[in-house]
A.B. asks: 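After the structure tokens below, expect a handful of questions from me.
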Amino acid sequence: MDFRNDNGVLVARRSGETLRIEAWGKDSLRVRATMFSKFTGNDWALTEEPEKCAPVVEIQTGGEPCASITNGRIKATVNFAGVLTFYRDGKQILQEYYRSYGGTISKESRCLKVVNREWKGVIGGSDYSLNLKFESNDGEKIFGMGQYQQSYMDLKGCVLELAQRNSQISVPFAVSNLGYGLLWNNPAVGSVTFGRNYTEWIARATKEMDYWITVADAPKQILANYTNATGHSPMFPEDRMGLWQCKLRYRTQDEVLSVARQYQKEGIKIDLIVIDFFHWTVQGDWKFDKTYWPDPKAMVDELHSMGIKVIVSVWPSVDCKSENFYPMMEKGLLIKTERGAAQTYDYQGDCVEIDPFNPETRQYVWEVCKKNYYDLGIDAFWLDNSEPDYGVYDFENYRYLDAPALECSNMYPQMYSRIFYDNMKDLRDGNVVNLLRCAWAGSQKYGNVVWSGDVPSTFEAFYDQLQCGLNMGLAGIAWWTTDIGGFMTDDVNDPDFQQLLIRWYQFAVYSAVFRMHGDRGPYNIPPLDERDWGGGYLHTGQPNELWSYGEENYRIMKKYYDIRISMLDYIKSLYREASENGSPLIRTMFYEFPEDKTCWELQDQYMFGEKYLAAPIFKLNQFERDVYLPAGTWKLTSDGSVYEGGQTVHVAAPLDYMPVFEKM
């Protein structure tokens, strides 16, 4: 191994690989490696100027050559075989996995010929596939990484696809209970396995290895370091912290206005109303169908007079019948397929999706949406299908402007969001809040509210969404939400579904964004016309307003609506904290109580900020539950009972109450 100190950066070369380790912010290091003659220069998620540091590089030439770089509390060593070991305050926290000949690491297994960083050329291309392995730490717990539809909050033992899908969000930042966080700073499609025997990161096509590692005493400090490196959320506007009203789908402007007027009559203030998909002519036209939306500006003006913001759905799919299809195809603004048909998406049309990696695409789409939506007074955009939702997730068959999808597709939702954020941030009041179904590392800085996708309306899915939200928060995405009641409902009149809806609604009150939405069956509402295109032909779901589920359920929802409104000053303080240090609004128990070992095991209760401990109900006909209280004094919000922490208590949970404790 050939080592050198390049102005405080440790550089090492061996067998054609160049390894570069440098200080990158407080107590943090960035590690890159490539088999090419030079690095790409891509910073990917590391967009922020790192804090100035004074790293110390030491190179030992006698005996087995080795080197180290120290930046504050973190230290990395590299041995003669190129194996990296990381230390926090002198204690080893992570080491690359190496089972090959030579050196002092794992001599007992050297015949396996397994190396720490395995590069293999992609056949027929210039990229490499990369397999990076780390030793597994017994007893380690790992969190974050985005959103995966599973019941596990602790990811140790899990295999995660590093790819975007509807309801799956890859945000590859892992937080360890050993006091470090690791960002896989690579948007390539791949996987990670947090195995008991070793950890394995795989990029299926890439030009370089790139990861960032930081150390701190507790998760809160780890998140602060991470958001300093990848970007902070803007301050969430106060006029969007209340109720968002949505359903699948309001088909006409009269429907939207009638719902808004009814809310006003009921004395319930809604902050936003959402106009969902197929209000347009065909996908990719990005405009209202005048048959059913004859005067959208007048509609928006009336809604604004009620203090209601308006958000419209925009999809990245362009139907071949769209007026924008051939101009965009001719200009090369759409995703390309490597073989076969050009189609990339096939829901309700023969579509090709846009390529937001192309700056000309971003400008084209914005100009159309500005003319047809924003200039009418539309306040925000619901950027649905933002993974993108491919007809088939064969990532090797798609190509963007500068690279194949395998190399960078995980960054698609972030680039899609920037079509709107980059243009909106300097207009009107500067408060950009758009709704997306997907995100990547650093998406928090682009005004993205991220929701958990088209999930089933089941108690099992509800439980999974809590794990999703807690891990998204630990991956830096503080503005996270779900469809209240889940998305897919067969029968809104089913008492079991209505019970689920209430339990989910109670949870949503104690979360970042309070949003009614869902595809509500049965589908017995006839279409508005017989055309097979336009705003009138597609089905609509059953009503989904607060009063739609009967008098008793309405009473409970109004009660919890009032609770939400009463907490707005507190919620504002949580959004301010998210903007300042990256803290999520819904937090794992250990985020607030890192010294309490029990809190690292809990995943069926959470903290809403530092003040409220929320314990949702995840089972049908469950009307009581156990709740663990960490150290301190706690007041049960139902009756004011006071408890000392350090114990598990059993509390009642009638349908009109979700157990919540206030920290005194």
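The analysis underlying the following values was restricted to heavy atoms, covering all of them including side chains, and did not include hydrogens, waters or symmetry mates.
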A.B. asks: Do Tyr412 and Gln164 pair up side chain to side chain, a donor and an acceptor below 3.5 Å, judged on atom types alone?
C.D. replies: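 On atom types as modelled, these side chains do not qualify, holding no pair under 3.5 Å.
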A.B. asks: Determine the interplanar angle of the Tyr374 and Phe381 rings, folded into 0 to 90°, and report it as parallel if under 30°, tilted if 30 to 60°, perpendicular if over 60°.
C.D. replies: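 Judged by the thresholds at 30° and 60°, the geometry between Tyr374 and Phe381 is parallel.
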A.B. asks: Look at the aromatic rings of Trp244 and Phe236 and report parallel, tilted or perpendicular, splitting at 30° and 60°.
C.D. replies: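 The arrangement is parallel - the two ring planes meet at less than 30°.
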A.B. asks: I'd like to know if the side chain of Gln444 and the backbone of Gly231 have a donor-acceptor N/O pair within less than 3.5 Å.
C.D. replies: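 Indeed, once roles are kept as given, a pair shorter than 3.5 Å links the two residues.
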A.B. asks: Working to the nearest 0.5 angstrom, can you tell me the gap between Arg165 CZ and Ser170 OG?
C.D. replies: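 Nearest 0.5 Å value for the CZ-OG distance: 11.5 Å.
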A.B. asks: Starting from the C-alpha separation in whole Å, work towards a yes-or-no answer on side chain to side chain contact (heavy atoms under 4.5 Å, CB included) for Phe288 and Leu376.
C.D. replies: CA-CA 11 Å; Phe288 288 102; Leu376 301 178; 4.3 Å; yes
A.B. asks: Does any donor atom in the side chain of Thr252 or Asp254 lie under 3.5 Å from an acceptor atom in the other side chain?
C.D. replies: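 No - no donor-acceptor pair under 3.5 Å links their side chains.
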A.B. asks: Got a second to check how far Glu208's CD is from Tyr128's OH, nearest 0.5 Å?
C.D. replies: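 Answer rounded to 0.5 Å: 13.0 Å.
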A.B. asks: Is any side-chain heavy atom of Trp212 closer than 4.5 Å to one of Tyr226?
C.D. replies: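 SC-SC contact between Tyr226 and Trp212 confirmed.
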A.B. asks: List the steps, then state whether side chain to side chain contact (heavy atoms under 4.5 Å, CB included) holds for Trp451 with Ile169.
C.D. replies: CA-CA 10 Å; Trp451 99 97; Ile169 305 174; over 6 Å; no
A.B. asks: Are the side chain of His232 and the backbone of Ser579 linked by a donor-acceptor contact shorter than 3.5 Å?
C.D. replies: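 Yes; at least one donor-acceptor contact below 3.5 Å.
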A.B. asks: Which is it for Leu334 and Ile354 under the side chain to side chain contact (heavy atoms under 4.5 Å, CB included) test, yes or no, and what are the steps along the way?
C.D. replies: CA-CA 4 Å; Leu334 304 176; Ile354 65 171; 4.1 Å; yes
A.B. asks: Would you mind reporting whether Tyr263 and Met306 have side-chain heavy atoms less than 4.5 Å apart?
C.D. replies: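 Heavy-atom side-chain distance check fails, nothing below 4.5 Å.
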A.B. asks: Counting N and O atoms only, with roles assigned by atom type, does the side chain of Arg399 sit under 3.5 Å from a partner on the main chain of Glu396, one being a donor and the other an acceptor?
C.D. replies: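 No.
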A.B. asks: Taking all atoms of both residues into account, what is the closest heavy-atom pair of Glu255 and Tyr250, and its distance?
C.D. replies: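 Taking Glu255 first and Tyr250 second, the nearest heavy atoms are OE1-CA, 3.4 Å.
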A.B. asks: Between Trp315 and Phe278, is the ring centre distance below 6.0 Å?
C.D. replies: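 Judged by ring-centre distance (under 6.0 Å), Trp315 and Phe278 do meet the cut-off.
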A.B. asks: Please examine the side chains of Val314 and Phe420, heavy atoms only from C-beta on, and report whether any two atoms are closer than 4.5 Å.
C.D. replies: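 Touching, per the 4.5 Å side-chain cut-off.
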A.B. asks: Is there a side chain to side chain contact (heavy atoms under 4.5 Å, CB included) between Val310 and Ile378 once you walk through the steps?
C.D. replies: CA-CA 5 Å; Val310 189; Ile378 296 297; 3.7 Å; yes
A.B. asks: Please name the pair of heavy atoms, one in Gly349 and one in Gln343, separated by the smallest distance, quoted to 0.1 Å.
C.D. replies: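 Closest heavy-atom pair between Gly349 and Gln343: O-NE2, 4.4 Å.
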A.B. asks: Hydrogens and angles aside, do Gln542 and Asn524 bring a side-chain donor and acceptor to less than 3.5 Å of each other?
C.D. replies: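 Yes, because at least one side-chain N or O of Gln542 sits under 3.5 Å from a partner of the opposite role on Asn524.
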A.B. asks: Please examine the side chains of Ile275 and Met299, heavy atoms only from C-beta on, and report whether any two atoms are closer than 4.5 Å.
C.D. replies: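 Sidechains of Ile275 and Met299: in contact.
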A.B. asks: Kindly check if the number of other-residue, nucleotide or ligand heavy atoms within 6.0 Å of OH (Tyr347) is above 12?
C.D. replies: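 Atom OH in Tyr347 is crowded, with more than 12 foreign heavy atoms closer than 6.0 Å.
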A.B. asks: Is there a donor in the side chain of Tyr345 and an acceptor in the side chain of Asn385, or the other way round, less than 3.5 Å apart?
C.D. replies: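 Yes, Asn385 and Tyr345 have a side-chain donor paired with an acceptor closer than 3.5 Å.
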A.B. asks: What I want to find out is whether Asp483 reaches Arg515 closely enough, with some N-O distance under 4.0 Å, to be called a salt bridge.
C.D. replies: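 Salt bridge between Asp483 and Arg515, a charged N being under 4.0 Å from a carboxylate O: yes.
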A.B. asks: Measure from the side-chain N and O atoms of Asn544 to the backbone N and O of Lys247, and report whether any donor-acceptor pair falls under 3.5 Å.
C.D. replies: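 It does not hold such a pair.
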A.B. asks: What I want to check is whether the side chains of Gln465 and Gln149 have a donor and an acceptor closer together than 3.5 Å.
C.D. replies: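 Side chains of Gln465 and Gln149: pair found under 3.5 Å.
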A.B. asks: Can any side-chain N or O of Asn410 pair as donor or acceptor with the backbone N or O of Ala188 at less than 3.5 Å?
C.D. replies: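 Side chain of Asn410 to backbone of Ala188: a pair is present.
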A.B. asks: Does some side-chain heavy atom of Asp379 sit less than 4.5 Å from a side-chain heavy atom of Ile311?
C.D. replies: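 They are not in contact (no side-chain heavy atoms under 4.5 Å apart), so the answer is no.
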A.B. asks: How long is the gap from CZ on Arg117 to CE on Met209, to the nearest 0.5 Å?
C.D. replies: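 These two atoms lie 5.0 Å from each other.
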A.B. asks: Between atom CD1 of Ile335 and atom CG of Asn358, what is the distance when rounded to the nearest 0.5 Å?
C.D. replies: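 If I round to the nearest 0.5 Å, the distance is 11.5 Å.
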A.B. asks: State, to 0.1 Å, how close Ile477 and Ala439 come at their nearest heavy-atom pair, and which atoms those are.
C.D. replies: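 Smallest heavy-atom distance, with atoms named: CD1-CB, 4.4 Å.
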A.B. asks: Between atom CD1 of Ile308 and atom CD of Gln245, what is the distance when rounded to the nearest 0.5 Å?
C.D. replies: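 The distance works out to 9.5 Å.
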A.B. asks: Just by distance, with hydrogens left out, do Arg437 and Ser386 show a side-chain donor and acceptor under 3.5 Å apart?
C.D. replies: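 Note: Arg437 and Ser386 side chains miss the donor-acceptor criterion.
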A.B. asks: With no hydrogens and no angle check, is any side-chain donor or acceptor of Asn448 less than 3.5 Å from a backbone partner on Val450?
C.D. replies: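 Such a contact is absent between Asn448 side chain and Val450 backbone.
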A.B. asks: What's the shortest heavy-atom distance between Asp491 and Pro522, and which atoms?
C.D. replies: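 Minimum heavy-atom contact is OD1-CD, 3.9 Å.
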A.B. asks: Classify the ring geometry of Phe462 against Trp504: parallel below 30°, tilted from 30° to 60°, perpendicular beyond 60°.
C.D. replies: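 The arrangement is parallel - the two ring planes meet at less than 30°.
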A.B. asks: Could you check whether the rings of Tyr421 and Tyr446 sit parallel, tilted or perpendicular, using 30° and 60° as the cut-offs?
C.D. replies: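 Geometry flag for Tyr446 against Tyr421: perpendicular rings.
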A.B. asks: Can a side-chain donor-acceptor contact be found between Ser322 and Asp285 if the only test is distance below 3.5 angstrom?
C.D. replies: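 Note: Asp285 and Ser322 side chains meet the donor-acceptor criterion.
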A.B. asks: Can you check whether Pro413's main-chain N or O pairs, donor with acceptor, with Glu387's side chain at less than 3.5 Å?
C.D. replies: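 A pair under 3.5 Å: no.
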A.B. asks: Could you note down all residue pairs passing salt bridge (Lys or Arg N to Asp or Glu O under 4.0 Å) where residues 343-366 supplies at least one of them, sequence neighbours left out?
C.D. replies: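 Salt bridge (Lys or Arg N to Asp or Glu O under 4.0 Å) check on residues 343-366 returns no pairs.
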A.B. asks: Closer than 3.5 angstrom, by distance alone: can the side chain of Asn185 be matched with the main-chain N or O of Tyr211 as a donor-acceptor pair?
C.D. replies: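 No; zero donor-acceptor contacts below 3.5 Å.
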A.B. asks: Assess whether a salt bridge exists between Arg30 and Asp210, defined as any Lys/Arg side-chain N lying under 4.0 Å from an Asp/Glu carboxylate O.
C.D. replies: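 Salt bridge flag = yes for Asp210 with Arg30.
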A.B. asks: Salt-bridge test for Asp532 and Lys321: reply yes if a basic N is under 4.0 Å from a carboxylate O, no otherwise.
C.D. replies: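 Looking at Asp532 and Lys321, the cut-off is not met.
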A.B. asks: If we only count heavy atoms from C-beta on, is the Leu182 to Trp201 side-chain gap below 4.5 Å?
C.D. replies: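 Yes, their side chains come closer than 4.5 Å.
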A.B. asks: For residues Arg531 and Asp289, determine if any side-chain heavy atom of one lies less than 4.5 Å from a side-chain heavy atom of the other.
C.D. replies: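 Side-chain contact under 4.5 Å: yes.
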A.B. asks: Answer yes if the side chains of Asn228 and Glu48 hold a donor-acceptor pair under 3.5 Å, and no otherwise.
C.D. replies: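 On atom types as modelled, these side chains do not qualify, holding no pair under 3.5 Å.
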A.B. asks: Is a side-chain donor or acceptor of Asn434 paired with a backbone partner of Gly447 at a separation under 3.5 angstrom?
C.D. replies: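 Not confirmed, Asn434 side chain does not pair with Gly447 backbone.
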A.B. asks: Can the positive tip of Arg204 be found less than 6.0 Å from the middle of the six-membered ring of Phe395, inside 45° of the ring normal?
C.D. replies: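 Arg204 over Phe395 ring: no.
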A.B. asks: Under the ring pair (Phe, Tyr, Trp, His ring centres under 6.0 Å) test against Tyr398, which residue among Phe357, Tyr390, Tyr393 passes?
C.D. replies: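 For Tyr398, the ring pair (Phe, Tyr, Trp, His ring centres under 6.0 Å) test succeeds with only one of Phe357, Tyr390, Tyr393, which is Tyr390.
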A.B. asks: Indicate yes or no: at least one non-hydrogen side-chain atom of Met488 is less than 4.5 angstrom from one of Val455.
C.D. replies: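 Not in contact.
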A.B. asks: State the CG-OH distance between Leu160 and Tyr148, to the nearest 0.5 angstrom.
C.D. replies: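 Leu160 CG to Tyr148 OH: 5.0 Å, rounded to 0.5 Å.
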A.B. asks: Given 3.5 Å as the limit, does a donor-acceptor pair link the side chain of Arg249 with the main chain of Asp519, or not?
C.D. replies: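 Side chain of Arg249 to backbone of Asp519: no pair is present.
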A.B. asks: Can you confirm whether the side chains of Tyr292 and Asp529 place a donor and an acceptor under 3.5 Å from each other?
C.D. replies: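 The answer is yes; a qualifying pair exists.
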A.B. asks: Using the ring of Phe39 (Phe, Tyr or Trp, six-membered ring only), decide whether Arg32 places NZ or CZ under 6.0 Å from its centre and within 45 degrees of its axis.
C.D. replies: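 Yes, Arg32 and Phe39 form such a contact.
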